Every structure is written in structure tokens, then in C-alpha cells.
Amino acid sequence: MTLDILYFAWLRERIGAPREQIETSAATVRDLVAELVARGERHAAALSDLGAVRVAVDQVLSDLDAPLGGAREVAFFPPMTGG
Amino acid sequence: MTLDILYFAWLRERIGAPREQIETSAATVRDLVAELVARGERHAAALSDLGAVRVAVDQVLSDLDAPLGGAREVAFFPPMTGG
Amino acid sequence: MRILVQTEPFDATALMQGFGAGAGAVVTFTGLVRDDDGLVALEIEHYPGMTEASLTRHAQAAAERFALSDVLVAHRHGRIAVGEPIMMVATAARHRREAFDAADFLMDWLKSRAPFWKREIGAEGPRGWVVAKDTDEAALDRWTNPQ
Amino acid sequence: MRILVQTEPFDATALMQGFGAGAGAVVTFTGLVRDDDGLVALEIEHYPGMTEASLTRHAQAAAERFALSDVLVAHRHGRIAVGEPIMMVATAARHRREAFDAADFLMDWLKSRAPFWKREIGAEGPRGWVVAKDTDEAALDRWTNPQ
């Protein structure tokens with residue numbers, strides 16, 4: 001499937017781009033992270049500490065074990081600091 | 001001593017006046033209430049249920065045992081319902 | 001700090017002009033006359049002199065307890081029509097917790113310790129005096145007897 | 001219900017026009033950029049699409065949970081100078097407890113669940129991203145794990 005991957009805040013800065021499109025057969029967010037980390041140093045650095053990373057699948061807060069079947073957009077970002 | 005006695009809300013209505021001035025030697029609020037009750041039916045009716053009456057001595061919330069030495073103004077009113 | 005006790009409606013916008021400059025958090029509470037049971041207006045009696053003194057004292061106490069940088073209390077008396085604001089409290093602090101708690105505390109205090117008394121006015125004329133609620137007394141107790 | 005996500009400053013007076021008509025209690029919270037450590041501005045990034053959807057969902061949840069008659073959330077993104085409002089929440093209910101609690105709940109939720117990220121800007125340029133606070137997480141827990 002084709003997935004839009006979005007990055008925000010310092011994850012965007014470490015990756016060096018706000019979004020990318022990838023072809024993947026990852027079943028879960030965790031599988032997707034493994035594929036992304038294998039892409040190179042920037043991805044590996046950005047996603048090295050998963051405790052400091054939050055994820056949204058199709059714009060809904062989710063977790064590493066969430067299934068990706070049917071998903072179109074996955075976003076990675078640090079814990080939010082709104083308000 | 002000369003005391004200004006003030007009444008508010010339904011106490012004012014039962015007494016039939018917002019204020020009166022009296023000469024008294026009452027030592028405490030409780031003594032003052034006894035003197036007022038002796039003044040007649042209206043005062044007796046207004047001050048019959050002291051559990052439903054609050055008192056301020058010189059504009060500070062007080063209680064029945066408060067001393068009146070040096071006081072100039074005593075107010076009787078129902079529990080407050082502001083805000 | 002600003003304390004207003006008046007019969008005229010207050011202009012919340014004008015009151016809030018410049019309020020809380022430098023603060024990180026501003027909370028306002030506004031109490032309005034609800035359209036309950038065909039109510040037309042409230043009539044509020046107060047104790048001139050004691051009202052201003054006690055509002056000032058408690059606004060100062062709240063400012064110290066919650067480290068407020070600014071505090072405002074405005075309360076009307078006389079006849080207030082349904083839909084109109086009766087009173088307003090505003091608090092400014094560095095952080096949201098203090099601003100929220102201070103406004104909450106001031107409201108609990110105002111409800112049962114400020115010398116105001118309300119009477120309901122229906123289309124048929126004045127109704128009875130509003131009776132104090134035990135829940136208001138309990139709300140105030142929260143601040144002296146923390147659970 | 002009204003949700004605003006924008007870069008421009010918002011006009012609180014205009015937003016509050018007619019807000020809470022018929023309610024007995026209106027609470028507002030405004031968060032402003034504090035002048036901390038020579039801060040010049042905040043820069044706020046957000047997740048377009050998710051921001052609006054999640055603010056709407058949580059404003060609706062707050063409206064149901066606290067029986068609100070009206071609710072408003074306005075949040076800016078982009079560069080916001082010291083002293084300017086970042087965001088505002090307003091809640092209207094019959095009674096004060098619900099209006100206070102709903103505003104408090106929405107703020108706790110916004111602080112750690114709405115997709116906004118802040119970076120500090122000093123006179124020397126951008127500083128680091130603001131780190132999420134454990135206390136914000138704990139504040140949110142209050143609403144699911146009542147003591």
C-alpha cells in the first residue's frame with residue numbers, strides 16, 4: 001500500500017522533510033518504524049528513542065501495535081505541548 | 001453605648017425598617033438579640049430562628065458570642081446568596 | 001486589583017482591557033441571570049461598605065494564596081434582567097492551575113460570604129428570597145479542609 | 001460550538017459576542033506568551049486536519065460530559081509574540097461547577113493531546129522545542145482516574 005508519512009517538530013527537523021510517500025506492506029506501526037529506520041541515518045536517528053515519539057494513524061492518536069490495514073497517513077511527532 | 005442596627009433581605013422586611021439606632025449596654029451579640037426581641041412582635045418574629053440569621057459587627061462576619069465593646073454597627077441578615 | 005460594586009451593567013471588554021499583562025494564564029467567570037421558571041429579573045440587595053471591604057479583603061487573600069499578578073471582582077446590585085451578567089471574576093497568574101483555582105475559590109467565597117441577597121422577580125412581581133444552598137457552604141469548605 | 005485554528009490574533013471580544021446566551025455561568029481561559037528568560041516569541045507548529053478534527057471531537061466530548069450549552073476553542077499557530085494570546089477556551093453551563101470543570105478539562109486535554117508543538121524564540125533566534133511536562137500528563141489523568 002501507499003502511505004503518506006508525516007513528521008512534526010524535532011522529528012521533522014531530524015528527518016529533514018515534513019513528509020514522504022512510501023510503498024509498504026507493514027502490518028503495524030512497529031513494522032513501519034523498522035522499515036523507516038532501515039532507510040538511513042536520519043530516519044534511524046529520528047526514530048531511535050520511541051519513548052519520546054508519538055504516532056497518529058489517519059489523524060487519530062495511536063500506538064506502536066496499531067494495525068495499518070487500510071491506513072493512508074501515519075504521523076510521527078514528539079509529545080504535544082499545546083495550550 | 002449607641003449602636004446602629006442594620007437589617008437586610010427578609011429580616012429587613014420583617015422588622016419593617018432597614019436600620020434603627022439604640023442605646024444599649026449589651027456585652028455580646030446574644031445579649032443584644034435578647035434586648036431586640038423584647039422590643040416587640042416584629043423583632044421577636046424576625047429574630048426567632050437564630051440558626052437562619054447571620055450577624056456582622058462593624059462590617060465583619062461574627063457570631064452570637066462576639067463581644068460588643070467599642071462596636072458602632074451591628075447587622076442582622078439571612079445567609080448570603082451572592083454571585 | 002480592581003473591585004467594582006455597582007447597579008449599572010459592566011462592560012466586560014473595557015474591564016478586561018490590559019488585565020493580566022505579563023501573565024501566562026487568565027481565567028474569567030461570569031454569572032448571568034438564567035431564564036428559570038418564567039423569571040423576569042433578579043433583585044440584589046447588598047450591604048454598602050461591608051461589600052466593598054470584604055470583596056477587597058478576599059481578592060487580596062486570593063492574590064496572595066494563588067500568587068496572582070492581577071485580580072478583578074465586579075458585582076452588580078439592584079434589578080438585573082434575565083440574560084444580563086450579575087457578576088464577574090477575573091484572575092491572572094503565571095500558570096493555569098493558579099488562575100483556575102483562584103477564580104474557583106473567589107466564586108465559592110462570593111456565593112456564601114459576600115453580603116449579597118437575591119430575590120426573584122417573575123412577571124407577576126417579586127417572589128421570595130433565594131435560600132442559601134448547603135452545597136455552596138460545602139463548596140467553600142473545600143478550601144479550608146482539603147481532602 | 002466553535003473551533004478556530006488560525007495564525008492571526010483572535011479578537012476575544014468578537015468571539016464572546018452572544019456566547020453562552022441563556023446560560024447561568026460562563027468561564028473563559030486565555031493562555032498568553034510569558035516574558036520568560038528574554039523570550040521574544042513562541043513558534044507553534046500544528047498538524048493541519050488532525051488539529052481541527054481532534055479539537056472538535058474533544059469540545060463535543062466536554063459539552064456532553066459537563067452538559068455545556070456552548071463551547072469555544074481558539075488556538076493560534078505560527079509565530080506569537082510575548083504578551084499575545086496563544087489560545088482561548090470558553091464554556092457555558094447552567095451552573096458554575098460544570099463551566100469551571102469543563103474549561104479545566106479542555107485545558108488539560110489541550111496541553112498534552114492536541115497536536116501542537118512549541119518552540120521558543122529569543123532575541124538570538126530559535127531556541128529548542130518545549131519539552132512536554134509530566135505534570136501536564138498527571139493533570140490529564142485526573143479526569144479518568146478520579147481520586
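All chains are named by letter (A, B, ...) in the order of the sequence lines, taking the proteins before the strands, and each is independently numbered beginning at 1. Note that the structure is predicted; figures quoted are calculated from it, not measured.
- For C/Ala103, the parts sitting under 4.5 Å from any heavy atom of chain D are the backbone and the side chain alike.
- Heavy-atom neighbours of chain C within the stretch residues 117-129 of chain D, taken at a separation under 4.5 angstrom, are nonexistent.
- The contact list for residues 20-29 of chain C toward chain D, using heavy atoms and a distance under 4.5 Å, reads C/Gly22, C/Ala23, C/Gly24, C/Ala25, C/Val26, C/Val27, C/Thr28, C/Phe29 by residue number.
- Heavy-atom pairs under 4.5 Å with chain D were tallied for C/Met107, C/Arg96, C/Met88, C/Lys111; the largest tally goes to C/Arg96.
- To the nearest 0.5 Å, atoms CE (C/Met16) and OG1 (D/Thr30) are separated by 7.0 Å.
- With chain C as the partner, the residue from D/Asp104, D/Thr13, D/Asp108, D/Val82 showing the most heavy-atom pairs under 4.5 Å is D/Asp104.
- Residues of residues 34-45 of chain C that come closer than 4.5 Å to chain D, counting heavy atoms only, are C/Arg34, C/Asp36, ordered by residue number.
- D/Glu52 pairs by the salt bridge (Lys or Arg N to Asp or Glu O under 4.0 Å) definition with nothing, not counting sequence neighbours.
- Interface remark: C/Arg97 contributes side-chain atoms only to the contact with chain D (heavy atom separation under 4.5 Å).
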